2 protein chains.
Amino acid sequence: MFKKILIAEDFQDTNKGIANTLENKLQAEHIQEELYCDNAFNRIKVAHNDGEPFDLLVTDLSFQEGPVERRLKSGKDLIGAIRKLDSNIKIIVNSMVDNPMEINSLFKDYKINGYVCKGRNSLNELVMAIQETLQNRTYVSPQINLNTSNQVLELDSYDLFILQNLSEGLTKKEISQKLKEEKISPSSESTIDKKVGRLFDKFGAKNTHHLIAKLVKLGKI
Amino acid sequence: MFKKILIAEDFQDTNKGIANTLENKLQAEHIQEELYCDNAFNRIKVAHNDGEPFDLLVTDLSFQEGPVERRLKSGKDLIGAIRKLDSNIKIIVNSMVDNPMEINSLFKDYKINGYVCKGRNSLNELVMAIQETLQNRTYVSPQINLNTSNQVLELDSYDLFILQNLSEGLTKKEISQKLKEEKISPSSESTIDKKVGRLFDKFGAKNTHHLIAKLVKLGKI
DNA sequence: CTAAACTTTACGGATTTCCGTAAGGCGGTA
DNA sequence: TACCGCCTTACGGAAATCCGTAAAGTTTAG
């Protein structure tokens with residue numbers, strides 16, 4: 001069994017529920033809980049540098065903003081930072097996201113080892129995911145179908161990146177710049193322009209205001 | 001202390017976290033967990049009819065849809081059904097909602113006894129809420145300000161008219177036209193422009209995309 | 001009543017969005 | 001191979017946005 005496990009989850013009740021279950025159902029020796037991404041990262045970094053690294057991270061994706069400005073604001077930020085440091089630590093994501101494209105990208109781009117979709121069986125699934133991970137296999141909640149992502153009204157992670165940044169007030173020029181900085185291709189302003197234009201058709205939106213309002217209401221952003 | 005407590009919360013990890021904490025920190029004798037509103041209601045109804053009613057319900061507001069069609073789909077549905085049956089049971093809501101208007105209506109229209117906003121301290125708050133409720137007092141998470149906070153960020157019907165039309169893809173010119181047609185004053189494009197600009201300051205938005213995304217997320221549009 | 005403060009409106013300029021055209025790249029296929 | 005369809009990118013023009021200035025109207029306080 002894993003010796004050192006870290007749980008990153010901002011809701012205290014959820015965090016505690018996971019920690020208790022892992023203590024009871026698995027024989028994990030050392031379980032650490034963190035409510036902020038920055039704290040989680042620091043703890044992993046220190047342990048890594050001390051030669052006593054964590055074996056497993058269980059993390060949420062979405063973290064509420066607190067009163068203080070934080071460097072790592074989401075589970076993705078956290079995982080990205082950790083993977084630069086340590087490619088051995090196993091990572092299981094435990095989140096409400098159920099978009100297959102999004103989850104696929106976590107496995108492909110962030111090298112996570114398991115994905116559990118929060119729900120009425122997610123604690124049991126988490127235990128299963130950990131057992132699979134122990135044997136170097138991956139785990140995905142059964143209700144997620146990574147293959148048949150219903151093309152129709154699905155957004156891939158690239159679309160999501162653009163839309164999220166637009167909804168945070170960035171211009172297409174700024175988003176293009178950001179993509180170049182993060183070495184994500186394609187990155188030209190023109191391509192972003194065209195992509196958004198195609199999303200107008202796809203979702204029946206008149207313009208960007210309309211599109212953002214629709215997608216936020218659908219919970220996609 | 002309360003003798004019979006029911007927890008209605010669809011996320012297994014969260015549910016378990018709450019149950020464990022109440023067992024450890026309070027001396028509750030009988031804690032029951034339910035993942036579906038319908039099940040929670042039935043259990044409360046049966047206990048009530050048997051003359052051994054529950055003393056306390058801790059419930060979430062939002063419940064994921066499952067494969068089967070359910071009668072009670074939200075915490076509000078559940079509370080509404082329970083209050084028709086039993087006005088004595090104490091109800092504490094534990095949810096991510098942080099809209100003061102929404103929470104106010106839970107106290108006023110649904111006669112709840114406490115409101116805890118999910119977050120990094122919500123388990124501790126829940127324990128406090130239960131202790132307050134025991135003494136027939138109400139509890140609300142300190143970060144929620146039922147009186148003031150929302151005055152500042154309130155939208156009048158004129159603002160709402162503009163924002164709703166913007167979010168439906170109309171331009172300021174078109175909205176100006178529409179106002180003139182409906183004989184609502186002021187109606188000039190310039191005034192609309194200025195009003196929206198002031199809303200940027202009020203809500204800390206960079207531009208209209210940002211503003212619309214924020215307001216839809218706040219449930220104001 | 002009057003001065004100060006705010007609102008409505010117009011206008012103009014820099015920037016951005018929206019959309020059409022067009023050139024070049026890349027993969028599939030007959 | 002040559003052709004087709006799709007994606008990326010550049011460019012340009014019309015329309016829209018964002019924001020500053022300014023004049024005229026309205027409200028508020030003393």
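None of these values were measured; they are calculated from a predicted model. The chains referred to below are lettered A, B, ... by the order of the sequence lines, with proteins before strands, and numbering in each begins at 1.
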Original post:
Roughly, in whole Å, what's the span from CZ in Arg198(B) to C1' in dA5(C)?
Top reply: 13 Å
**OP:** Return the value, rounded to whole Å, for the distance between atom CG of Asn207(B) and atom C1' of dA14(C).
**Re:** 15 Å
Original post:
How about Arg120(A) and Gln12(B): do any of their side-chain heavy atoms sit closer than 4.5 Å?
Top reply: no
**OP:** Check whether any side-chain heavy atom of Leu106(B) lies under 4.5 Å from a side-chain heavy atom of Lys76(B), and answer yes or no.
**Re:** yes
**OP:** Walking along DNA chain D from 5' to 3', note the first and the last nucleotide with an atom under 4.0 Å from a heavy atom of chain B, and give both.
**Re:** dA16(D) to dT21(D)
Subject >> N/O donor-acceptor pair under 3.5 Å between Asn121(A) side chain and Asn124(A) backbone >> reply: no
Original post:
To the nearest 0.5 Å, what is the distance between OG1 (Thr138(A)) and NZ (Lys90(A))?
Top reply: 10.0 Å
Original post:
So, is the end of the Arg71(B) side chain (NZ or CZ) under 6.0 Å from the ring centre of Phe41(B) and within 45° of the ring's axis?
Top reply: yes
**OP:** Write down the distance between NE2 (His209(A)) and C1' (dT17(C)), rounded to a whole number of angstrom.
**Re:** 9 Å
Subject >> Length of the CG-C1' vector between Leu211(A) and dC19(C), whole Å >> reply: 16 Å
Original post:
Closest approach of Ala8(B) and Leu78(B), non-hydrogen atoms and distance?
Top reply: CB-CD2, 3.9 Å
**OP:** Return the minimal non-hydrogen interatomic distance between Pro186(B) and Thr191(B), and the atom names on each side.
**Re:** CG-CG2, 3.7 Å
Subject >> Between the first and last five pairs of the helix from dC1(C)-dG30(D) to dA30(C)-dT1(D), the angle of the axes, rounded to 10 degrees >> reply: 30°
**OP:** Enter the distance from Ile92(B):CD1 to Leu57(B):CG here, rounded to the nearest 0.5 Å.
**Re:** 9.0 Å
**OP:** Please list, chain by chain and in numerical order, all residues satisfying side-chain hydrogen bond (donor to acceptor under 3.5 Å, both in side chains) with Ser122(B), sequence neighbours excluded.
**Re:** none
**OP:** Give me the residues of residues 182-192 of chain B where at least one heavy atom lies under 4.0 Å from an atom of DNA chain C, by number, or none.
**Re:** Pro186(B), Ser187(B), Ser188(B), Ser190(B), Thr191(B)
**OP:** Flag this pair as yes if the NZ/CZ of Arg83(A) is under 6.0 angstrom from the six-membered ring centre of Tyr110(A) and inside a 45 degree cone about the axis; otherwise no.
**Re:** no
**OP:** Kindly compute the distance separating CG (Asp13(B)) from NZ (Lys16(B)), expressed to the nearest 0.5 Å.
**Re:** 11.0 Å
Subject >> Lys4(A) charged N/C atom sitting above Phe54(A) aromatic ring, 6.0 Å / 45° >> reply: yes
Original post:
Across the strands shown, which category fits Lys206(A) at heavy-atom distances under 4.0 angstrom: base, sugar-phosphate, nothing?
Top reply: nothing
Subject >> Protein proximity profile, nucleotides 21-27 of chain C - base contact B, sugar-phosphate-only contact S, no contact -, cut-off 4.0 Å on heavy atoms >> reply: B------
Original post:
Which residues within residues 158-179 of chain B lie with some heavy atom under 4.0 Å of an atom in DNA chain D?
Top reply: Thr171(B), Lys172(B), Lys173(B)
Original post:
Any side-chain heavy-atom pair from Lys111(A) and Ile91(A) closer than 4.5 angstrom?
Top reply: no
**OP:** Identify the two heavy atoms, one from Val116(A) and one from Ala129(A), that lie closest to each other, and give their separation to 0.1 Å.
**Re:** CG2-CB, 3.9 Å
Subject >> Interatomic spacing from CZ in Phe203(A) to CD1 in Ile212(A) - rounded to 0.5 Å >> reply: 12.5 Å
Original post:
When rounded to the nearest 0.5 angstrom, what distance separates CD in Glu189(A) from OG1 in Thr171(A)?
Top reply: 7.0 Å
**OP:** Provide, to the nearest angstrom, the distance between the CG atom belonging to Asp193(B) and the C1' atom belonging to dT16(C).
**Re:** 14 Å
